[in-house]
Amino acid sequence: MSILLETKGLTKEFRGFVAVRSVDLAVERGAIHALIGPNGAGKTTVFNLLTKFLKPTAGRILYDGRDVTSLAPASIARLGVVRSFQISATFPQLTALENVRIALAAKAGGSFAFWRSDKTLERHNARALSLLEDVNLAEFADTRAGELSYGRKRALEIATTLALEPDLLLLDEPMAGMAHEEIGRIAALIKRIAVGRTVLMVEHNLGVVADLCDKITVLRSGEILAEGDYATVSKDPRVIEAYMGTGHA
Amino acid sequence: MSTEPVLQIRDLEAWYGESHVLHGMEFDVRAGEVVALIGRNGAGKTTTLRAITGIVKKRAGSVKIDGTEAIKLRSDKIAKLGLGYVPEERGIFATLSVRENLLLPPAVKPNGMTEAQIYELFPRLQERARSQGTKLSGGEQQMLAIARVLRTGARLLLLDEPSEGLAPVIVQHIGRIICSLRDQGFTIVLVEQNFRFAATCADRFVVVEHGKVVDQVASADMDAKSGELAAYLGV
Amino acid sequence: MTSKRSELLLVIAGLVLLLVLPHILYPVFVMKALIAGLFACAFNLMLGYGGLLSFGHAAFFGTAAYAMAHSTKLWGWPFEAGLLLGVAAAAAVGVVMGVLAIRRQGIYFAMITLALSQMLYFLYLQTPFTHGEDGIQSVPRGKALGFIDLSNGLNMYYTLLVVVLAGFWLIWRTVHSPFGQVLKAIRDNEPRATSLGYNVDRYKLLAFILSAALAGLAGALNATVFQLASLNDVTWQHSGEVILMTLLGGVGTILGPVIGGALVVTLQNYLAASGLPVDVVIGLFFIACVLLFRRGLVGEVIAWNERRKGS
Amino acid sequence: QDKFSGGQVKIGILNDQSGPYADYGGKSSVEAAKIAIEEFGGKVAGKPIVLVDADHQNKPDVASNIARQWYDADGVDMIAELTTSSVALAVQSLSKEKNKIDMVVGAATSALTNDACTATGFHWAFDTYSLARGTGGALVKAGGNSWFFLTADYAFGHQLEKDTSNFVTEAGGKVLGAVRHPLNTADFSSFLLQAQASKAQVVGLANAGTDTTNAVKQAADFGIVKGGQKLAGLLFTLSEVHALGLEKAQGLVLTEAYYWDRDDKSREFAKKFMERTKRAPNMIQAGTYSAVRSYLKAVEAAGTDATDAVAAKLRELPVDDAFSKGKVAADGSFVHDMYLFEVKKPSESKAPWDYYKLLQTIPAAESFTPAAKSTCPLVKKS
Amino acid sequence: MSYQALMAQLAIGVSNGAFYAMLSLGLAVIFGMLNVVNFAHGAVFMLGAFVALFLKLQLGLGYYASLILVPIIVGAFGVLADLALLKRLRGLDPLYGLLLTFGMTLVLEGIFRYFYGSAGVPYSAPEGLVGAVDLGFMIMPLYRFWVIVASAVVCFGTWYAIERTRLGAYLRAATENATLTQSFGINVPVLLTLTYGLGVALAGFAGVLAAPIYSVNPLMGSNLIIVVFAVVVIGGMGSILGAIVSGFALGILEGFTKVFYPEASNIVVFVVMAIVLLVKPAGLFGRAT
Ligand SMILES: Nc1ncnc2c1ncn2[C@@H]1O[C@H](COP(=O)(O)OP(=O)(O)OP(=O)(O)O)[C@@H](O)[C@H]1O
Ligand SMILES: Nc1ncnc2c1ncn2[C@@H]1O[C@H](COP(=O)(O)OP(=O)(O)OP(=O)(O)O)[C@@H](O)[C@H]1O
Ligand SMILES: [Mg+2]
Ligand SMILES: [Mg+2]
């Protein structure tokens with residue numbers, strides 16, 4: 001397997017506080033890769049760096065062999081790197097269907113065509129609906145996203161993200177705030193969609209991590225503490241001490 | 001243990017604009033109890049807490065806190081009855097430093113924790129005391145949100161998904177804190193998705209569905225009723 | 001379906017009304033109202049659909065008015081060429097202002113556009129070609145398409161009507177286009193739109209330029225109808241007026257700004273001879289609008305209609 | 001019946017009644033017009049005189065809209081005042097198109113009687129030329145040899161500065177420099193310091209309204225006049241001197257076409273005016289009175305309100321009223337004497353509104369654009 | 001231009017900057033707490049000057065009394081305006097606040113213009129502050145120095161109250177999330193109303209300070225307010241420190257422009273704003289949003 005995403009010496013400093021310190025991360029093509037670590041370890045910050053929402057203080061980011069360190073957020077998205085947010089991010093005034101559709105339209109290249117009818121968007125309806133079904137939101141297709149409960153907003157966000165058919169999917173705590181049944185469903189969904197693409201996710205639900213992920217990187221205080229598959233990592237005493245606690249061993 | 005409920009909820013209704021979300025919630029919480037509200041996404045757990053605190057303004061029915069009717073009161077007055085609220089998405093203020101966040105809520109009852117006691121409980125907060133509140137990581141923010149209400153002297157705490165987004169070690173840590181709070185005589189209403197976590201210290205589970213209480217299960221009966229509970233939660 | 005049909009009927013009734021109106025009311029007055037309506041509609045493209053309140057739309061209106069007046073009076077350009085130049089000039093100003101203003105949202109956007117347009121006002125005040133406070137006067141109306149003599153009131157009216165309607169149509173089209181959908185999404189949650197791969201700034205900029213160009217169309221027409229271009233067109237009070245028009249009629253509706261524009265123009269005319277201090281009355285309208293019917297007249301009617309259907 | 005449109009003579013006063021120029025004319029001008037009409041007993045040639053007025057809000061398109069409606073629908077025969085150049089120019093060209101009479105009082109631009117002159121347009125009271133001639137020319141003769149200008153940076157200010165400089169140099173004076181300040185400057189200190197440093201004998205204020213007021217006031221704070229320099233307001237009227245107060249305005253030199261305490265006639269009009277408005281008239285209000293009165297005289301003489309006949313009479317009949325004495329020139333401007341005044345010290349002022357000392361009378365012949373210099377097509381060059 | 005003359009212009013620039021600073025500070029406070037861009041700020045500034053004038057004409061109260069009383073009166077006016085009008089807009093899009101206060105401006109200025117014309121009324125400085133000091137290189141009115149000192153004190157006091165006190169923390173929290181702040185037991189509605197009063201009182205205070213320099217006239221605020229908006233954008237909206245520092249700095253910059261290139265002196269602030277937006281969109285002291 002080749003490496004799809006690679007960081008070299010990635011570092012982020014906030015006014016003297018180093019949140020991410022010289023991280024060398026390598027995500028293999030086709031893998032489901034988890035980033036775990038105690039709170040404040042720098043996981044979200046790494047995501048923000050990868051999606052260009054933050055500028056690295058030092059280090060380089062390579063995507064598919066290409067240096068993307070200085071690209072704009074929208075360009076990296078168009079390269080096929082798409083993220084979901086830790087705090088739910090939807091378009092509250094648009095319906096669930098429209099939320100997904102706008103992503104499908106983005107995938108199709110977006111449009112500055114102010115002279116065309118918006119009927120042209122309806123060609124995305126079928127695909128959008130099937131995505132909503134995948135996350136069990138079909139019955140809410142015409143509900144405005146702002147009115148959905150928190151958990152459903154998260155589900156909608158995932159559907160929207162999937163609409164972009166990203167090559168590399170960055171999921172920041174996709175399960176947070178979800179009920180058990182949803183967790184199972186989303187996990188299955190992630191597994192399904194991970195076929196043929198690469199997933200990098202931050203997740204605290206170790207059950208999910210154990211179940212889904214091929215490779216795990218453990219961050220602590222901005223540095224990589226351990227790396228490997230679940231079995232290896234979960235036995236690492238440093239990881240147990242810093243993160244998992246005794247309950248999970 | 002006194003039998004007079006600290007929190008008595010009767011026939012509580014609540015609306016967001018036109019949409020009717022709570023349809024007659026009823027439950028009691030007695031002093032020193034930890035009660036967990038559980039239920040599926042969108043069942044109305046958060047809304048229940050928000051209706052108790054008065055954040056959701058359109059509401060009807062009866063909410064008695066220590067015997068005082070609170071349904072007609074403004075949220076700041078309700079807080080003064082001795083209520084501490086930790087909201088769903090933590091509600092840390094970005095324009096305040098960590099320490100300012102911590103010191104923000106005014107005391108509502110005497111004998112709240114001191115700053116030193118708080119730092120003892122959450123050493124991480126002391127390290128980051130001067131940084132901007134929202135620059136903390138998710139977990140740190142959760143600690144801050146809990147720490148914040150401990151200072152006020154409130155004895156009745158409403159915690160909305162305190163384990164959400166937290167690393168297992170931290171979850172265990174928070175669990176221990178909640179248990180110790182109970183042991184110190186705090187009364188706690190907990191909203192949780194993480195059933196396992198809730199089970200560590202809840203005395204009783206209140207199951208919410210479609211804005212109503214559909215069942216109440218004491219911790220002691222847990223094992224017997226786990227099947228039913230699982231059904232409610234769709235686990 | 002029925003709502004579609006009644007909408008269509010409404011549009012047809014409106015068109016018929018517009019055709020006969022100059023025979024009932026004073027044509028110049030109707031033209032002024034139409035221009036105000038177009039101006040407000042263009043402005044609404046930014047506010048109602050882009051979620052950005054511009055407090056500097058007078059800059060586009062005024063720029064186009066000057067361009068039209070100057071090119072037809074001094075260079076002897078025909079009506080159509082002047083109109084195009086006016087629109088192009090407004091769009092060009094839109095590009096410059098837009099590039100700066102779209103870097104911020106909401107209230108900042110309002111203040112930045114206000115400040116930039118004020119800067120333009122000072123420039124126009126000082127540059128010789130605008131003739132300072134005299135303004136460019138006696139602008140020839142010329143002939144549309146080379147044979148429609150616009151100095152005739154009715155010819156002017158119908159020509160203007162065609163142009164204004166084309167403007168309205170373009171606005172309607174934009175709002176109901178894929179582009180319009182993206183605008184709405186951006187208004188809702190900008191970071192999310194970015195993460196989906198939309199170059200948010202370009203969308204906002206294009207919307208801004210469109211809005212500026214259409215406001216320019218209104219300004220250029222105004223210069224022809226009143227045969228003058230003056231500093232007053234560029235003042236921030238004028239930018240305030242267009243906000244009032246839109247607010248009064250209904251933000252985010254197509255018809256609202258048109259009605260609001262007509263209302264404000266009527267109000268100004270009526271107040272002129274009433275002895276009441278005009279600004280005070282306009283100010284009171286503003287306050288009443290914001291406090292009592294934020295949705296504007298048309299918005300309130302729509303809301304009322306929906307409530308009726310709902311119950 | 002044919003001789004009088006609508007069987008009456010209808011006059012419109014269109015001016016700024018709520019904006020920055022409301023003090024120049026405003027509602028008080030309407031009172032001045034009423035006085036003129038009452039002096040005719042409300043009738044001319046047996047026909048009733050009707051007066052309407054409106055606030056143009058300083059918007060030329062609003063003004064033009066109202067004027068159109070007045071002419072087309074309401075039967076207005078003449079529109080007077082039209083403060084603000086843009087409004088005056090717009091309505092003057094409209095009046096030409098509609099063949100109606102307009103009488104501008106209170107717009108300063110000299111274009112009205114030059115490039116933009118019309119057979120039906122008249123300009124009363126003052127223009128940039130006459131103001132510049134008064135203050136620029138006359139003051140040099142009175143000993144103000146070297147000048148420094150504070151100029152409002154737009155067409156009006158430039159024109160005023162240019163005209164004044166010409167008269168200053170013509171009269172043998174010197175212009176040492178000028179500084180252009182933006183319109184609506186609140187703080188003049190920087191400019192005043194420059195004026196002070198220039199050591200010019202006269203500091204000319206080529207601006208108007210609150211700009212001039214602020215400049216004069218702050219000049220007092222900086223001790224400009226006390227330091228021996230003279231301050232000359234190029235467009236300043238009694239209303240503003242009153243607003244400023246003598247304490248600050250003393251020593252200021254300015255040109256007006258009218259002063260209420262000039263002679264018996266002017267005092268008589270001022271008395272009537274004060275009874276109604278509680279203030280003394282300035283040259284714009286008195287000018288509006290004079291314009292309306294002259295118009296009615298012309299109608300009376302012509303025996304009709306038909307535009308061409310009345311316009312001819314206006315050019316033909318001499319004017320002699322409380323405002324001034326003189327004649328209308330071919331370019332439409334009312335040619336009369338102008339006066340150079342100095343504002344009194346508080347100690348010299350004996351009564352309310354007793355503000356001015358007359359320095360010089362500039363004879364009519366010198367006050368307005370001579371035919372030779374006119375660019376008005378109506379003026380036949382001999 | 002000599003070094004001394006430059007110093008003179010610098011002093012003048014600072015005294016003008018003092019007004020920008022006080023006004024933009026009030027705007028920043030109100031914006032920060034209420035999320036309202038107070039368009040009426042210029043009108044309130046004017047109101048302050050007029051109230052000082054009335055106090056003098058009607059009650060014979062002098063300048064120093066006004067300096068204390070006017071902010072109180074104007075602040076009370078602000079409190080009433082907030083209770084009657086602005087309060088109804090809480091929680092709505094901040095643009096409505098801008099529009100409402102825009103309407104208030106038209107009404108306030110219109111009323112004063114209706115009764116007082118636009119020429120303005122003089123108001124003289126108190127005995128102790130009239131006259132000028134001859135600094136050798138220039139004559140500087142004493143009053144200008146007073147303006148600089150008074151405004152510096154007021155600016156610092158306000159900054160301290162907001163950034164360093166508990167009350168200030170309440171205010172900042174309420175700004176960000178009023179509902180939550182209130183649920184902690186803080187009486188937010190009263191807090192917000194008082195804040196508006198305070199911000200407006202600052203403008204009133206500036207109005208009294210300005211009265212002896214500019215004649216008191218109904219439009220004295222309306223030309224100023226847009227420049228002050230630009231100043232606030234430059235400083236970073238809602239940033240207290242930014243408002244103060246950029247207020248003074250731009251006063252100085254504008255002062256120098258009046259000397260070296262006077263034609264541009266009214267646009268220099270806007271040009272700076274444009275540059276700042278390009279380089280640092282959040283403003284010099286603003287936090288990125
Ligand atoms: N602001 C709002 N406006 C309208 N409806 C809302 C709003 N917030 C929540 N709701 C609706 O109210 C219902 C109850 O939501 P609530 O947030 O109380 O659920 P919950 O039990 O806390 O769910 P979760 O576990 O997902 O947090 C849901 O159907 C939701 O869609
Ligand atoms: N913009 C910022 N400025 C300053 N410090 C920041 C900023 N963003 C994050 N931090 C700090 O960097 C550290 C890493 O934060 P980050 O959000 O990446 O953690 P995380 O691993 O995602 O934690 P969690 O699992 O709790 O979400 C934290 O201590 C946080 O306080
Ligand atoms: Mg995180
Ligand atoms: Mg919830």
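Because the structure is predicted, anything quoted here is derived from the model rather than measured. Below, chain A is the first sequence line, B the second, and so on; all start at residue 1.
Heavy atoms of C:Y124 lying under 4.5 Å from chain D are absent altogether. Proximity to chain D (any heavy atom under 4.5 Å) is shown, for C:Q237, by neither the backbone nor the side chain. For C:D134, the parts lying near chain D are the backbone and the side chain together; criterion is any non-hydrogen pair under 4.5 Å. Of the atoms belonging to D:Q69, heavy atoms from both backbone and side chain fall under 4.5 Å from chain C. Neither the backbone nor the side chain of C:V280 comes within less than 4.5 Å of any heavy atom in chain D. Only the backbone of D:N58 comes within less than 4.5 Å of a heavy atom in chain C; its side chain stays farther off. Within the 4.5 angstrom heavy-atom criterion, only side-chain atoms of C:Y26, from C-beta onward, approach chain D. Looking at C:L228, only its side chain comes within 4.5 Å of chain D, counting heavy atoms on both sides. Both the backbone and the side chain of C:Q126 come within less than 4.5 Å of a heavy atom in chain D.
Taking the six-membered ring where tryptophan is involved, the planes of D:W124 and D:F122 are perpendicular, since the angle between them exceeds 60° and thus also 30°. Aromatic ring orientation, D:F191 versus D:H181: tilted (interplanar angle from 30° to 60°). Ring pair C:F43/C:H57 is perpendicular by interplanar angle, where above 60° counts as perpendicular and below 30° as parallel.
Here D:D53 pairs with D:K27 in a salt bridge; the nearest charged N to carboxylate O distance falls below 4.0 Å.
Contact tally against chain C (heavy-atom pairs below 4.5 Å) for D:A63, D:S64, D:S86, D:P60: the top residue is D:S86. Considering only heavy-atom pairs separated by less than 4.5 Å from chain C, the leading option among D:Q17, D:H56, D:K96, D:R68 is D:R68. Of the listed residues (D:A22, D:A54, D:A116, D:A155), the one with the most heavy-atom contacts under 4.5 Å to chain C is D:A54. Between chain C and the residues D:G157, D:A111, D:A90, D:A107, the most heavy-atom pairs under 4.5 angstrom are made by D:A90. Ranked by heavy-atom pairs under 4.5 Å with chain D, the list C:P277, C:G135, C:S230, C:S274 is led by C:S230. The residue among C:Q137, C:Q268, C:H238 with the most heavy atom pairs within less than 4.5 Å of chain D is C:Q137. With chain C as the partner, the residue from D:D153, D:V87, D:V30, D:L14 showing the most heavy-atom pairs under 4.5 Å is D:D153.
With hydrogens and angles left out, the side-chain atoms of C:N269 and C:T266 include no donor and acceptor closer than 3.5 Å.
Taking CD of C:E241 as the reference point, atom CG of C:L248 lies at 12.0 Å (rounded to 0.5 Å).
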Give the C-alpha distance, both sets of side-chain angles, the deciding distance and a yes or no for salt bridge (charged side-chain N to carboxylate O under 4.0 Å, His left out) between D:E31 and D:R279.
CA-CA 12 Å; D:E31 293 304 319; D:R279 55 193 303 146; over 6 Å; no
Might you work through the salt bridge (charged side-chain N to carboxylate O under 4.0 Å, His left out) test for D:K98 and D:D72, ending with a clear yes or no?
CA-CA 8 Å; D:K98 302 279 175 192; D:D72 288 352; 3.2 Å; yes
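Within the 4.5 Å cutoff, the side chain of C:V290 has heavy atoms near those of the C:L247 side chain.
Here the shortest heavy-atom pairing between C:V139 and C:T72 reads CG1-OG1, 3.4 Å.
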